[in-house]
Amino acid sequence: MASTATAEGVNEQPRQVNPEVQFQDQQEFVARELIVKFKPEATSEEQAAILNKVNSEEKSQLLDGDFSVVKVPSGADLKTIAKTLLKNKLVALVEPNYRFTQSYLPKEPKYQQQWYLNKIQAPKAWDKTKGSSAITVAVIDDGVQQDHPELKGKIVSPYNAVTGTTKYSPHLHATHVAGIIAASFNRKGIAGIAPNVKIMPINVFTGDEATTDSVVRALQYAVDHHADIINMSLGAPGYNYAIDSAVKYARSKGAVLIAAAGNEGSYQPEYPAASEGVLGVSATTQGDKIASWSNRGSYIDLAAPGDRIYSTITGGSYGYESGTSMATPVVSGVAALVRSRNPFLSSGQVETILKKSTVDLGTKGRDSLYGYGRIDANKAVSNTALPVSTISVPKIFTAKGTNKAAISFTTAGTGKISLSVKSSKGTTLRKVVTDKSTSGSKFTLYWDGKTDSKKVVSSGTYKVEVKMTNGRKTVYKSTTIKVNNQTKADIIVSGIYAFSPKVSGKINIPYELTQQAKIMAVIKDQAGKTVKTILNKKSVSAGKHSVIWDGKNSTGLPVKDGTYSLEMLIIDSHNKAGTAKKVQIKVDTIRPVAGFALSPPVFKMDNQTNYTAQLEVKETATVIAYVKNDKGTIIRKLINQQFKPGKIAVSWNGKNDQNTPVPEGNYYYDVQAKDPAGNTTTITGAYFSVEDWRTPEIQASKDVYLKATGMMNIDYLLSKSGTVTVGIYQGANLMKNIKTEEAEAAGKQTFQWDGTDLEGKQVPDGDYQFKIQVIDKYNLSQTFTGTVHVELTKIDILYPSIVALDLGETPAAEVYYQLSRGGKVTIEILNQRNEKVKTIQKDVPINDGTQSFRWDGKNEDGYYEGDEFYYFVITAESSGGQKFSVKGKMSSTENPSWLKSHEVSFNDVSDYSFYHDKMNLKIQTSQQVTLTLYVYDDTYGTARLDLKSYTLKPGENTITYQKPSTDYLYYQLKYQDALGNQYWYDIDEWEYF
């Protein structure tokens, strides 16, 4: 379901807060002043009278008169006056005249203990937004105390990813994290960075540990339940492909992911903070220095306060905690403010705003300690554009019926916008634009001053409203426009009408009056003589109306058939008539004359010829022609259109309204001819019979496979009934009769074959033909031929054409292959001259599926071999004694056949530096494979610095790897194909010096 996000500063709908709440704190507003918004229809005289009743007066106006600053008597109770004013229907809003300081300071008793809020300029950010209840932050952690006074009422969709339920035990860590993000402004304890947002608590821990599966489930649950921000104050040093995939899924759904960098004080990457698409957060102290225990490295995106952070803990209490776990929710809270201000920004746009909204610490620009810098909430909110800017409209729009008012505004983010014009009561009068796509655009749209029914609105004040939505979040922005209607009163009436008093009794002729006026409406005959007066100087309001005539004259007698006219004119204040508007009315009470001629009484339906008839009408008429069966049921509508006098061909192809051929039987044409006045003539044709002369059709699979002993079913579909013969052939030789001239109905049919011949013997593997012949009652025939692939003993072997060989390792080679069915398997190693070196196994029963074998590099005599390449031969013998062999290659120099190329290059840190910050891989493959990148500090692999996994698609793949340091490192690439065969390559960065 879509929810409405009221991003602060975006929704300008007047929203009255209870005066009991508004006027609680006397020091926050001016003692003798109010801000009052009257409804647009209130005149200045009415406004003055309303204020006079409470002994008050207007001091000044705001926003071109939209708001009034009102002075009240000395000593008056503002709350009482506000309540009195709000009882008047012409008052839309009453507010205190608030006093503003430099920035908002919450009234939370423990606010002074939260040093980090001033550090990130949270109070200034709160002047712009305190968050929106439509924004949800998922806290993937241990258990959040849901009934903590600071969090109560803002918990949504709690989940325990370990048990799959909604129940868990509250814990200090997650409760502390949640309070940093969203503790309420309730004058009870602390202040959250985004106090109005919702928290989605998700437990992934059992004791002190969480597992991959619980974190993956948590990420999926969070985005499936519409989390906007995901906070992960957790991590582990090892790369995890499953979590990486879950991160990609969350990003694809638009979530912003933020994770802790870790507390080991090292450069060892911590995941998921180091995962692509996750903002990794390091921790700073009160002095804006990196905390000694905070991790650092190339994966750090942002820094945030994390030392001695005061927040909520279990038991409804508060306490200090330190760690990147505390820095992370500081960034999540700021991200929530950004998304509250503009919920239409993509995750990438939010991340860009956060990265450029920092205080640059340490080395200029991005570095491994602070990333892009320490987060600043005020900068982030200030850098966030509202979804819809202020709407620009003319101060006064003089509507002439032909001119237009320009309405301009700018959007930020992706969604759909609608622009409408509403009355002072909120009724939509005109939809100017509906659901127009935007991804951040400047719009200038035009309104001609008319309603959806093309009527110019009356002079007055109207609301121009822009709606922006993305299906989940919706915001509104509005302004008012004053319209001065300078159009003249006019009658809009047109058309030519036909009327049969015997059929309809009366005729309604619609017209529209642009302004209120006196109207004359009379019926005249062809000679111009008045037959009847319908309206006589009657005052009619602006809008749509109708003139009703019963076809009678002024004496109440029916008029004769013929042509008449309705004349309408406006009478001005001097009793003078304006220009007449005329429409023609034809009175006709005679039914149309029509004749009908049929084809022969038998229709041989063959998909090529149609059954035709000829209809003739003597006057213009709307003709509706049907085909009906002998029960009177409509089979198909053939014609429904107006024709001029003359002959009309009626044709039918024998199919119903669903375009399916009808069954054989008796049918007839049913025709109605209706003239413009509504007089109708019906003609029913004689019966004709339908015979199905279509050539029979047979549908079946062209190829079927017999892979197991026993009966197999082969289905086929007959378009019509007939006698069926089925046989199995090999070339021209009949192997077996299945059916002989058996009567079968149209529809699905089946025959069976067990793979035996005429003598009941099992046929050998191979291809055989099945032939199905059908002959209908008109001796029309059709034959279908398909192929049965008999594979009762065949074994398919899927294998690599080249595998890696290293005679200095044990094993020297390992081969993964796949069998389509089980059998006896023999594996042999051959040298370059195709001489057998060694038999790995002989006639060993092996099941179907993926299998493997190893070669230790030795020959039959136990001595090590020393050539550059060898061959392996896999032979599988089926239960029927057939043998199937494949031959692959083991090579110490050749690439696998699917690896077309792989290129390596390094980026210098600068034009004058020999140090590298990135490694570039350009790899071309012909099939999908997995690449794992191992990164070490030296060629001995004494310390592994990083581990990355990539899925390579067929074609060219480009990978840019951000190094953990600019030192010269050592890399290993491991390719793995779909069978499991591995191929290793080493990269020594010194070789690229």
Side-chain angles (χ1 to χ4, degrees), residues 6 9-17 34-54 56-70 81-95 97 388-401 403-409 418-433 445-453 455-467 475-487 514-516 541-543:
T6 308
V10 177
N11 192 338
E12 294 190 352
Q13 304 295 313
R15 182 174 57 187
Q16 179 64 50
V17 180
L34 293 170
I35 304 296
V36 178
K37 180 176 176 63
F38 293 95
K39 293 186 177 178
E41 61 265 33
T43 64
S44 57
E45 292 77 14
E46 289 173 327
Q47 293 178 20
I50 292 168
L51 295 177
N52 187 50
K53 289 182 180 179
V54 290
S56 303
E57 61 181 4
E58 185 181 80
K59 178 182 175 183
S60 61
Q61 292 186 342
L62 303 171
L63 297 177
D64 296 328
D66 278 355
F67 296 85
S68 299
V69 181
V70 174
I81 293 178
K83 288 182 176 180
T84 302
L85 288 172
L86 288 169
K87 291 179 181 178
N88 195 300
K89 294 181 179 180
L90 293 177
V91 176
L93 186 78
V94 180
E95 291 181 339
N97 192 0
V388 182
S389 69
T390 300
I391 305 170
S392 174
V393 298
K395 288 186 177 180
I396 297 178
F397 173 45
T398 301
K400 299 178 181 179
N403 60 332
K404 296 179 180 180
I407 302 169
S408 301
F409 56 93
S418 299
L419 174 65
S420 58
V421 179
K422 297 185 176 182
S423 69
S424 58
K425 296 181 180 180
T427 303
T428 299
L429 303 176
R430 180 72 176 274
K431 293 179 180 179
V432 180
V433 166
L445 305 173
Y446 297 92
W447 178 47
D448 57 5
K450 298 178 181 178
T451 64
D452 282 328
S453 58
K455 169 191 169 186
V456 178
V457 300
S458 304
S459 296
T461 301
Y462 297 86
K463 179 192 287 186
V464 175
E465 182 179 86
V466 176
K467 169 189 172 185
V475 296
Y476 296 87
K477 188 86 169 182
S478 65
T479 189
T480 57
I481 184 171
K482 292 182 179 179
V483 177
N484 180 14
N485 186 338
Q486 289 193 357
T487 59
T514 60
Q515 295 183 21
Q516 181 173 336
S541 62

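Atom CD1 of Ile396 has 12 or fewer heavy atoms from other residues, nucleotides or ligands within 6.0 Å.
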- Message: I'd like to know whether Leu34 forms a side-chain contact (heavy atoms from CB on, under 4.5 Å) with Leu85, so could you lay out the CA-CA distance, the side-chain angles of the two residues, the decisive distance to 0.1 Å, and finally the verdict.
- Response: CA-CA 11 Å; Leu34 293 170; Leu85 288 172; 4.2 Å; yes
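Judged by distance alone, the side chain of Lys39 and the main-chain N or O of Ser424 form no donor-acceptor pair under 3.5 Å. Here the side chain of Ser459 pairs a donor or acceptor atom with the backbone of Asn485 at under 3.5 angstrom. In this structure, Lys482 contributes its side chain and Lys395 its backbone to no donor-acceptor pair below 3.5 Å.
Atom CD of Gln47 is separated from atom CD of Glu57 by 14.0 Å, given to the nearest 0.5 angstrom. The distance from the NZ atom of Lys422 to the OG1 atom of Thr428 is 4.5 Å, given to the nearest 0.5 Å. How far CD of Gln515 is from OG of Ser458: 7.5 Å, rounded to the nearest 0.5 Å. Here the OH atom belonging to Tyr462 is positioned 8.0 Å from the OG atom belonging to Ser423, to the nearest 0.5 angstrom. Summarising the geometry, atom CZ belonging to Phe67 is positioned 6.5 Å from atom CG belonging to Leu93; distances are rounded to the nearest 0.5 Å. Taken to the nearest 0.5 Å, the OG1 atom of Thr487 stands 11.5 Å off from the NZ atom of Lys400.
Listed here is the closest heavy atom pair of Glu58 and Ser68: OE2-OG, 2.6 Å. Of all heavy-atom pairs spanning Tyr446 and Ala406, the tightest one is CE2-CB, 3.6 Å. Taking both residues in full, the closest heavy atoms of Ile391 and Val464 are given as CD1-O, 4.1 Å, listed atom of the first, atom of the second, then distance. Nearest heavy-atom pair, Phe397 versus Lys404, reported as atom, atom and distance to 0.1 Å: CE1-C, 3.7 Å. The two residues Glu46 and Glu41 have their closest heavy-atom pair at OE1-O, 3.8 Å. Across all non-hydrogen atoms, the minimal contact from Val483 to Ala399 is CG1-CB, 4.0 Å.
Between the side chains of Gln486 and Thr398, no donor-acceptor pair is found at a separation under 3.5 Å.
The side-chain heavy atoms of Val388 and Tyr476, taken from C-beta on, include no pair separated by under 4.5 Å. Using a 4.5 Å cut-off on side-chain heavy atoms (C-beta onward), Trp447 and Leu419 make no contact.
With Val70 as reference, Leu51 is the one residue of Asn97, Leu51, Val94, Ile35 to meet the side-chain contact (heavy atoms from CB on, under 4.5 Å) rule. For the side-chain contact (heavy atoms from CB on, under 4.5 Å) test with Thr84, the passing option among Ile50, Val54, Val91 is Val54; the others fail.
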